[in-house]
Amino acid sequence: MRIEAKEIRRDFLRKGRGTNILTAVQECNITFESGTLSMIVGRSGSGKSTLLHMLSGVLAPTAGKVLYEGEDLFAMPDERRSAFRNRHIGFVPQGAGGIASLTVRENILLPVSLFGQQKEGASKDATPEKSGSKGLHLGEAGSKGLGFEKTSSADALQRAEEWMQLFGITTLADARPSELSGGELRRMAIARALIQNPEAIFADEPTGDLDDENTRLVFEMLRQAAKDGAAVVVVTHENEGERYADRLYRMNAGVLTEE
Amino acid sequence: MNLPYKNIIHRPVRSAILICLAAALSCSVFAGSLLVGALRNGFASLQARLGADIMVVPYEAATKSSLENILLQGNTGYFYMDGSRYDEVAELDGIGKITAQYYLASASASCCSIPVQIIGFDPATDFVITPWIKKSNGNMPGYLDVVVGNDLNAFVGDELTFYGTTVRVAAKLDKTGTNYDTAVFANRDTVETLIRSSQDKKLNEYGNRDAGNAVSCVLVDVAKDREVEEVLNDINVHVKRVKAVRTKNMISGIARSLAGVSEVAKAWMIATWVLVIGILAAAFALITNERREEFAVLRMVGASRKKLFGLVLAEGALLGLAGSLVGVAAGALCVLPFSGFIEQKLGLPFLLPNGIGILGAGVAAVLLTGLSAAITSAVAAYRVTKTDRIVV
């Protein structure tokens, strides 16, 4: 999976301040390849999350294009782009990111269970074969292979159980997000992002609420996902994860530079 | 995975409040519709029961409002005029149909089973009571037979005593929602006998009148090519000591009261609707705002705007549906068992719609409430989903 951002920029209109426009992300060009873990570091408010949201197809850029294998993500109608996101992109949000009425297990299974039918349509847009996905194998993290190409309910359930075991949240499978700590919620969100074995993974401060051991576990898993063929992009304001990165970028006041 | 359903179950208090709001709207619409419908039905029924263009009564009866007392206010009473008045009216031009009625009030004394208004009619000429009896699939009353109104505690085959004379119940009429429901109907011969009995027992203030030559009221349907007002004036000018009254005018007071009550009921329904819509809109706006992070998660895992919109809409519609069903049930419990009480308190003709009408009002209330809840939630959902800034 080759992800290219071409001259993308994002402006926000500041409400109540006349026509004052804030450019959160200055025009930039960047490419992410399968098999690499790219890390974008920078202070809070520097535009990292905005860039990540544009790259993942959630937030439309004010200008420029985001291309997946040469196809403009934002030229797709919302339905198709959403289906594409469901099948090919895993996103770990910065916030707690849980659906309150669902259990931890259901939250992890959300991309599979809620959009199972949509996934079929999505396969026409970008099949796993086309994108060259090989499935995840978490050797270093101590897990057996969790890769799967075609998600059935039983497969997905089995996979969710394994992710929960790996992250140490099996006992919380039937708990609601409100009963979880920040770290547990973050692990749930990571498991949800990885459940469909996506070819592109975007993680926004994935280790923000985690202890050292879990931080290491998360970075090792993301590293392994990249090793298995995914294009992984991690945004963080910490320096700890830098050693896992293949490419390092710095974001400062909306300006992206490669280090 | 049924996310809307799970969201509803997960927040029982919030869901219960929204369901109660929807129920209030649905109950108001359903009960209000039944009320307005029953009043309209009752009025139509009263018009049908009066069934003539003109009523001719003794002059004293009209001036003392005795006629309205009997026919519209539910009081018992009687008055008579000479039978020759009937012939005088019949001889005038422009008379289409003509028949006479004979009134007698049974006494609340031991001589009578029940104190009721007795209305006699002539089966040979009647065009008011007979169609009603036929519609009720009842037998035409013979001599010393009576037909009873729907609200009376008497049934076919029962025997009733009026002024010492025993009569048999030959038929029971369909409900009309008017004071006719508490009246007893008999043919001319039976009423003549009963009037004589009342005179014999000295319980009739017209004790010296010849019962065989007395009528209480002459009902006239004007010929098709004549104006009612014209014939009415003719009667008042040419027939002495009578008052011809247009039935339409007689019930204009009731029509005004009915219109007033209907307007109040409608205003109540609209006010409730506006209030509930406002509260629901505010509630859904708050809820969707509260759940922006959840919506962002759904977007990230692949929910399209349409899908997200559909989820919020479904939740609103489910809450609306549940509330509307509760509201219709509550409305039915408030109105149906107490229709008699409501009728008594309103003092207006009150005839509930039939089963299909009630079902229709229920379905309309459910649809209106469900749609209102769905639309208010949809507006809130649209506000959230139209922006591309649903991000965590």
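Naming: A, B, ... by sequence-line order, numbering from 1 per chain. Treat the numbers as computed from the prediction; the structure is a model and nothing was measured.
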Is it true that atom CZ of R40(B) has more than 12 heavy atoms of other residues, nucleotides or ligands lying nearer than 6.0 Å?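 Open: at most 12 neighbouring heavy atoms sit under 6.0 Å from CZ of R40(B).
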
Please answer whether the main-chain N or O of A100(A) pairs with a side-chain N or O of H10(B) as donor and acceptor at a distance below 3.5 Å.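 Side chain of H10(B) to backbone of A100(A), a donor-acceptor pair under 3.5 Å: yes, one is there.
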
Region of R291(B) in contact with chain A, defined by heavy-atom distances below 4.5 Å: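 No part of it gets close to chain A.
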
Ignoring hydrogens, what is the shortest heavy-atom contact between [X] and [Y]? Give both atom names and the distance.
{"X": "A303(B)", "Y": "S82(A)", "answer": "O-OG, 3.6 Å"}
{"X": "I99(A)", "Y": "E294(B)", "answer": "CD1-O, 3.6 Å"}
{"X": "S304(B)", "Y": "E79(A)", "answer": "OG-OE2, 2.9 Å"}

Taking C-beta and beyond as the side chain, do V297(B) and R192(A) meet within less than 4.5 Å on heavy atoms?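 Answer yes - side chains close enough.
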
Under 4.5 Å heavy-atom distance to chain B, tell me which part of A193(A) shows up: side chain, backbone, both or neither.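 Neither part, no heavy atoms under 4.5 Å.
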
Spacing of CE belonging to M300(B) relative to CG belonging to N86(A), to within rounding of 0.5 Å: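 Spacing of CE (M300(B)) from CG (N86(A)) equals 14.0 Å.
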
Using the rule salt bridge (Lys or Arg N to Asp or Glu O under 4.0 Å), only one of R299(B), K307(B), K306(B) pairs with D78(A); which is it?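 Only one of R299(B), K307(B), K306(B) forms a salt bridge (Lys or Arg N to Asp or Glu O under 4.0 Å) with D78(A), namely R299(B).
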
Apply the test side chain to side chain contact (heavy atoms under 4.5 Å, CB included) to residues S101(A) and L3(B): give CA-CA distance (whole Å), side-chain angles for both, the deciding distance (0.1 Å), then the verdict. CA-CA 8 Å; S101(A) 60; L3(B) 192 55; 3.8 Å; yes

